[in-house]
Protein chains: 2
Amino acid sequence: MATIQDVAREAGVSTATVSRVFSAPDLVLEPTRQKVMEAVHRLGYEPNFAAKSLRTLRTEKILVTVPDISNPFFSAVIRGVEEAALAAGYSVLLGDTRHEEAREEQYALMFRRKEADGLIFLGHRLPDILAEMVAAKGPRTPIVNGCEFRPGLAVSSAHIDNERAAAEVMDHLYGLGHVRVGVVTGPLASPISSDRLAGVLSAAQRHGRASALRIAIGDFSIESGVRQTGELLDEPGRPTAIFCFSDEMAMGAMEAIRQRGLDCPRDISLVGFDDIRFAQYLHPQLTTVRQPKEQIGHEVVRLLLDILAGRSTALQNITLPHQLVVRNSTAAPQA
Amino acid sequence: MATIQDVAREAGVSTATVSRVFSAPDLVLEPTRQKVMEAVHRLGYEPNFAAKSLRTLRTEKILVTVPDISNPFFSAVIRGVEEAALAAGYSVLLGDTRHEEAREEQYALMFRRKEADGLIFLGHRLPDILAEMVAAKGPRTPIVNGCEFRPGLAVSSAHIDNERAAAEVMDHLYGLGHVRVGVVTGPLASPISSDRLAGVLSAAQRHGRASALRIAIGDFSIESGVRQTGELLDEPGRPTAIFCFSDEMAMGAMEAIRQRGLDCPRDISLVGFDDIRFAQYLHPQLTTVRQPKEQIGHEVVRLLLDILAGRSTALQNITLPHQLVVRNSTAAPQA
DNA sequence: CGCTCCAATGTAATCGAATTCATCGATAAC
DNA sequence: GTTATCGATGAATTCGATTACATTGGAGCG
C-alpha cells in the first residue's frame, strides 16, 4: 500500500501538501491539488488509519455495547445509532455483551485503549473502569447510556418514561374491566424493569387492585415468557390479563396461553412492551408500548457528539415519548 | 492517559522493557516484571491502540458487513462471528449496509485504510475496490463471504446448499400431496435466491409439477411476504402451498392468509427458510429450513483466521449442513 | 526601487509503542 | 585467568500521517 511519501514523490510535492489536499483543500492551489489527486489515483493511495489516529488522537469510531443484538428491540436502536453516527462521519464498533459482565469489561478496556472516541452502552451496568473515568472527568466523559436511566451512573442518557408507560398499560387493562392482572417483569436489577414495576404498582393501588396483582420475574427471553406466564396461569385465581415487559416474552406468553387451550384475547388479554417490528404480525396482533427505538439511537449519538465537540457541559437525561399501541390482543374480560 | 514512557520512568526501566512485559513476558526477569506491573497499575496505563497498530500493522479487528442487522437470521450469524472472533482475540467492527451499495463501498474503504485486518461480508456483492484487492492478492486476501456463494467472486465462503435445501422443501410439499405451489423468492440478483429457485424448479420438474408452479419475487421483508403471497392467493387456481425464501416473508404470508379468511395449514400450507428463533413460536409453528447460523459465523471466522495466519493458500468454499424442520404449518391439502 | 505582507509550499518535529541492535554483567569453558 | 556465550536490559530507529514553523516568491504600496 502506498504511503503519503510515495504520493508526495510521485506528485513532486511535499507530504504536507498531500496531507492538506485531504484535510484543508482550500489551502492548496488547484493545479497542485490536481497533480496530487492524479498521483493518489495512480498509486491507489488511502491514508493509513492508525497513523492518522495516532497523530490526531481521534478514531472517528463510536463503541456501542448492547446486551443482545439478536433482540429486535436493540437492533432497531442500533440502526438509529448507526444512521446518526454515519451521518456525522463516525463508524460504529459493536459489542454484544450477552448480559455478561466479563464482556462488558472487555469492551470497557477497548475504550480505555482509545479504540473509540466515545462509548454508548445500552445496558444498565457501567464497568468500574468506566465509572472511574466518569468520576475523574465528570460529565464531559464521552460515555452515554441508552434505553435505561440510572441517576447514580452520572452519565447522560436517552430513554422513555418507563414508569409512566407501564402505568398506562395498567390503566388500559383496568379500563377494560380486568381485575386480576399478572405481570412478567425482566430482571429487577435493571431500572428498565424496576421503573416499570413501580408504574404497575402505583396504577394497581390507584385502582384499588393491588391485592389482585401477581408478579413473576422473567429475563426478557421468549422462553421465560412461556415459563413465567405458565406459572401465573396455573395459579388459583387465574388472571384475565397478562402484561409482559417485552414483546418477546409476550410471544412466549401467547404460546403458554395456547398450550392451556385458552384464547387470547377472549380468555386472556395480553400486553407486551417495545413494539418490535414483529408485534403487529403476530396473531393476535399484539397490544404493546411503542418505544421510539431509532430516535433513542439518534438522541444518544447526538448527546455523545455534543460531548466530543465540547458543546455540552452538563448531564442531560432525555425522556422521549412512548405510545401505547392498542391492537387485538387486549379485550374486556368475559362476564 | 499515561504512556509507555511514563511507565518506564515510574518503574525505572526503559520503554523496551515495559513493552516486553506485555508482548514477551518471559524475556524479562520476574522482579523487573513486578516493578513494571506495579507502575502500570499505579498509573492506570493501557497501551495506546493507534500507536501499537501503526507499528505492527495489525488492528486485531474484523470488519463484518451485513445487509440488515435487524434481521434475526443475520444477527444469529453475527453472534457466531463475534463469539469466534473474541475467542481468537479479535473484536468485531460491524457495518450495516442496508442493502445499499454506497454503504458497502464506504465499508470497503474502511478496510482499505486498514481499519481492520480482515473483512467478512454476509451479502452477495463485493465492491470493486475489494474485487481489485482480491484480483491482486489472490486467495490470500483476508476477505471471506458468509451465507452466500458466488463462485465468480474468488473468495472463500461458508454457506449451506441452498439449491438442495429448496428442493427438499418442494419434495416435502409434493410428498404431502400438494400440486399447485406458490413460491416467494428474494431478489434474484443474489445467489441465495437464484440457487434456491433452481432447486425449486428442478424438484417441480422431477415431480412433473412445473406448470403448476407460481413464482413471485419478494425482498425478504415481512411486508413483501404479505404482498407477494397475497397476489399468489388471489390468482385463479390458488395454490394450496406457499414456500417463502425467508421466515420473515412467511410471517407476512401468514398475515395474507388470515386476511383472506383462510387457515394455515388447513387451506394453505406454508414453509419458510432460515429457522429464526421466532419461527417455532408463531402460530401455527412454522415449517422451515434450519440454517446453522452460529456455525456459519464460526466457520467464516475460521477461514479468515487461516488466511491471516498464512495457514491457507487455496480458496475454500464450505458447505454446511441444513435441516428441514417440519412443524405445524404444513399439512396435506384438503381433498 | 525597496519594503511589507501574504499565499503557497516545504521542513521537520511529533504522536506512542514495537523492535533491532548494542551493551553490560555474569557464568561457563578452556 | 582469560575469553566466548548468553541472558537481561537499554538506546535509538521506525511505522505514516499531521501540523507548527520556516521559506519562498510575487503582489501591493509608498
Side-chain angles (χ1 to χ4, degrees), chain A residues 1-40 42-61 89 109-117, chain B residues 1-41 43-61 89 109-117:
Chain A
M1 194 70 184
T3 72
I4 199 172
Q5 335 276 352
D6 300 331
V7 175
R9 202 178 319 116
E10 176 87 7
V13 298
S14 72
T15 61
T17 301
V18 176
S19 177
R20 278 189 280 256
V21 164
F22 288 100
S23 53
D26 32 326
L27 287 185
V28 30
L29 233 46
E30 183 54 26
T32 317
R33 205 190 63 79
Q34 295 250 340
K35 256 194 322 191
V36 170
M37 287 313 291
E38 274 166 31
V40 164
R42 233 178 350 249
L43 300 176
Y45 167 74
E46 196 72 36
N48 178 295
F49 170 74
K52 179 172 180 164
S53 171
L54 174 58
R55 191 57 233 263
T56 60
L57 300 178
R58 304 184 59 238
T59 63
E60 283 162 358
K61 281 192 184 54
L109 280 176
M110 272 182 66
F111 180 60
R112 253 211 350 181
R113 275 195 300 269
K114 299 215 198 318
E115 298 194 38
D117 297 336
Chain B
M1 195 66 184
T3 71
I4 198 172
Q5 337 275 350
D6 300 330
V7 175
R9 202 176 321 117
E10 176 87 8
V13 298
S14 72
T15 62
T17 300
V18 177
S19 176
R20 278 189 280 256
V21 165
F22 288 98
S23 53
D26 33 326
L27 286 185
V28 30
L29 235 45
E30 184 56 23
T32 316
R33 204 190 65 80
Q34 296 249 340
K35 256 195 320 189
V36 170
M37 287 314 290
E38 275 166 29
V40 163
H41 290 130
L43 300 176
Y45 168 74
E46 196 71 36
N48 177 296
F49 170 74
K52 179 172 178 165
S53 172
L54 174 59
R55 190 58 233 259
T56 59
L57 300 177
R58 302 185 61 238
T59 63
E60 284 162 358
K61 280 190 185 53
L109 280 176
M110 274 181 65
F111 180 60
R112 253 216 344 185
R113 275 195 301 269
K114 300 215 197 317
E115 297 193 38
D117 296 338

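Chain A is the first sequence line, chain B the second, and so forth, proteins listed ahead of strands; every chain is numbered from 1.
- For the pair B:Thr32 and D:dT9, the criterion of a side-chain N or O lying under 4.0 Å from OP1 or OP2 is met.
- Here CG of B:Leu54 is found 11.5 Å from CZ of A:Phe49. Values are rounded to the nearest 0.5 Å.
- Distance, A:Asp6 CG to D:dC15 P: 11 Å, rounded to whole Å.
- Stacking of B:Lys52 on the aromatic ring of B:Phe22 is not recorded, the 6.0 Å distance cut-off and the 45° axial limit not both being met.
- Taking atom CG on B:Leu29 and atom P on C:dG25, their separation rounds to 16 Å, with Å as the unit.
- The interatomic distance linking B:Glu30 (CD) with D:dT9 (C1') rounds to 16 Å, in whole Å.
- Using a 4.0 Å heavy-atom distance criterion, B:Val18 is classed as making no nucleic acid contact.
- The interatomic distance linking B:Ile4 (CD1) with D:dG10 (P) rounds to 12 Å, in whole Å.
- Residue contacts for A:Ser23: at a heavy-atom cut-off of 4.0 Å it reaches no nucleic acid atom on any strand shown.
- By the 4.5 Å heavy-atom criterion applied to side chains, B:Lys61 and B:Asp117 are not counted as neighbours.
- In the set D:dT9, D:dT18, D:dA11, the nucleotide with an atom closest to the side chain of B:Ala16 is D:dA11.
- In this structure, B:Gln5 places its CD atom 8 Å from C1' of C:dA17, rounding to the nearest Å.
- The side chain of A:Thr3 places no N or O atom within less than 4.0 Å of a non-bridging phosphate oxygen (OP1 or OP2) of D:dG16.
- C:dC15 atom P lies 14 Å from atom NZ of A:Lys114, rounded to whole Å.
- Atoms CG and OH, from B:Asp6 and B:Tyr45 in turn, are 9.5 Å apart once rounded to the nearest 0.5 Å.
- For A:Arg33 and C:dA8, the CZ to P distance is 14 Å, given to the nearest whole Å.
- Within residues 47-61 of chain B, the residues that have a heavy atom under 4.0 Å from DNA chain D are, in order of number, B:Leu54, B:Arg55.
- Separating the CG atom in A:Leu109 from the CD atom in B:Glu46 is a distance of 5.0 Å, to the nearest 0.5 Å.
- OP1 and OP2 of C:dG16 both lie 4.0 Å or more from every side-chain N or O belonging to B:Tyr45.
- Not a single donor-acceptor pair under 3.5 Å links the side chain of A:Ser53 to the backbone N or O of B:Ala50.
- Contact check for B:Asn48 versus A:Arg113: no side-chain heavy atoms found under the 4.5 Å cut-off.
- Of the candidates D:dA20, D:dT18, C:dT19, C:dT19 carries the atom nearest the B:Ser19 side chain, counting heavy atoms from C-beta on.
- Rounded to a whole Å, the CZ atom of A:Arg20 is 15 Å from the P atom of C:dA12.
- Over its full length, the helix from C:dC1-D:dG30 to C:dC30-D:dG1 turns its helical axis through 50°, comparing axes from the five pairs at each end and rounding to 10°.
- Salt-bridge annotation for B:Lys35 and B:Glu38: absent, with no side-chain N of the basic residue lying under 4.0 Å from a carboxylate O of the acidic one.
- Remark: the backbone N or O of B:Ser19 is paired with a side-chain donor or acceptor of B:Ser23 at under 3.5 angstrom.
- Between B:Met37 and B:Val21, some side-chain heavy-atom pair lies under the 4.5 Å cut-off.
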